[in-house]
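Worksheet: the structure to be examined is printed underneath.
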Amino acid sequence: MRIVAPSILSADFGNLERDIKMVDRSAAEWVHIDVMDGLFVPNISFGFPVMKPVRKATTKVLDVHLMIVEPEKYVKRFVEAGADYVTFHHEACADPRATIAEIKAAGAKAGVSIKPATSAEEIFDYLAELDMVLVMSVEPGFGGQSFMPDSLDKVRALRKEIDEKEYDCLIEIDGGISAKNAREVFDAGVDVVVAGSSVFGTENPEEAIVNILNA
Ligand code: DX5
Ligand code: ZN
């Protein structure tokens, strides 16, 4: 499976509807939405008010990536705001199992993300409960950073565990992905790639999406 999730962190917020409609017409099946609180990461992006116009402008899968502390306090509201997937950080959550259950009870799919310093094995004990694992291939907080190649070992370890145990769990990767490295990333076992600057930072974003899918 190959899915591209353009990250609206790199979109033009003065023309957000235009940019979302571009994704809606494109070969991308998902839209990636980065929520940052200035505590879990050293940057602040946006929150609930941005969900509404995005949900209105597209029928694509809304993939919300929460880079916030105490995500359990907010997951339900993100589902109510239209999220199809809600992903929170393992490092930010005291009780991942309860938070996963809460996302599912609210009617969305549940994901957990791990930062570059967190090993894949740290989430193995609750991997069975997840719909998705998001491997960060940069330090979370900013778009436009360089891809960290070590993240592929983590992807391979997760792929092996998911396949051996026959879990129904997608692997997503986020940070520094473009048509140049997408093939390597998909070959390592990734299902969904997030792409921010390599889509919205180009002259022809729709073509950039196709190039990632066909890499
Ligand atoms: C970074 C965010 C990413 C970011 C990716 O913390 O989670 O989703 O938008 O941007 P690029 O694709 O430019 O690395
Ligand atoms: Zn992200």
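In listed order, ligands and their atoms are each counted from 1.
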Answer yes or no: does an N/O atom from Ser7 fall short of 3.5 Å to an N/O atom of ligand 1? yes
Any donor and acceptor pair, going by atom type alone, linking the side chain of Lys104 with main-chain N or O of Leu130 inside 3.5 Å? no
Got a donor-acceptor contact below 3.5 angstrom from the Thr118 side chain to the Ile114 backbone? no
Heavy atom of Gly141 under 4.0 Å from ligand 1? yes
Does an N or O anywhere in Ser198 fall below 3.5 Å from an N or O of ligand 1? no
Identify, for atom 1 (C) of ligand 1, the protein heavy atom at the shortest distance, and state residue, atom and that distance. Phe142 O, 3.5 Å
Whether the side chain of Lys60 engages the backbone of Val31 through a donor-acceptor N/O pair (distance < 3.5 Å, no angle test) should be reported. no
Below the 3.5 angstrom mark, is there an N/O of Met136, backbone or side chain, next to an N/O of ligand 1? no
Nearest non-hydrogen atom to atom 13 (O) of ligand 1 belongs to which of Ser197, Gly176, Ser146? Ser197
Give the atoms of ligand 1, by number and element, whose distance to some non-hydrogen atom of His65 is under 4.0 Å. 7 (O)
Considering just N/O/S atoms, say which atom of His32 is closest to the Zn ion (ligand 2). NE2
Gly175 heavy atoms, cut-off 4.0 Å: which ligand 1 atoms fall inside? 14 (O)
Would you check, one step at a time, whether the test salt bridge (Lys or Arg N to Asp or Glu O under 4.0 Å) holds for Arg183 with Asp187? CA-CA 6 Å; Arg183 186 192 184 128; Asp187 284 351; 3.8 Å; yes
Give me the residue, atom name and distance of the protein heavy atom closest to atom 10 (O) of ligand 1. Gly143 CA, 3.5 Å
Do any N/O atoms on Gly196 end up under 3.5 angstrom from N/O atoms on ligand 1? yes
Hey, which atoms in ligand 1 end up nearer than 4.0 Å to a heavy atom of Val194? 8 (O)
If you count the atoms of ligand 1 from 1 in the order shown, which ones are under 4.0 Å from a heavy atom of Ala195? 12 (O)
Examine Phe48 together with Phe78 and report whether their ring centres are nearer than 6.0 Å. yes
Which atoms form the tightest heavy-atom contact between Glu91 and Ser113, and what is the distance? OE1-O, 3.7 Å
Identify which of Val193, Val138, Ile8, Asp34 has a heavy atom lying nearest to atom 4 (C) of ligand 1. Asp34
Per-atom contacts, ligand 1 versus Met67 - under 4.0 Å to a heavy atom: 6 (O), 7 (O)
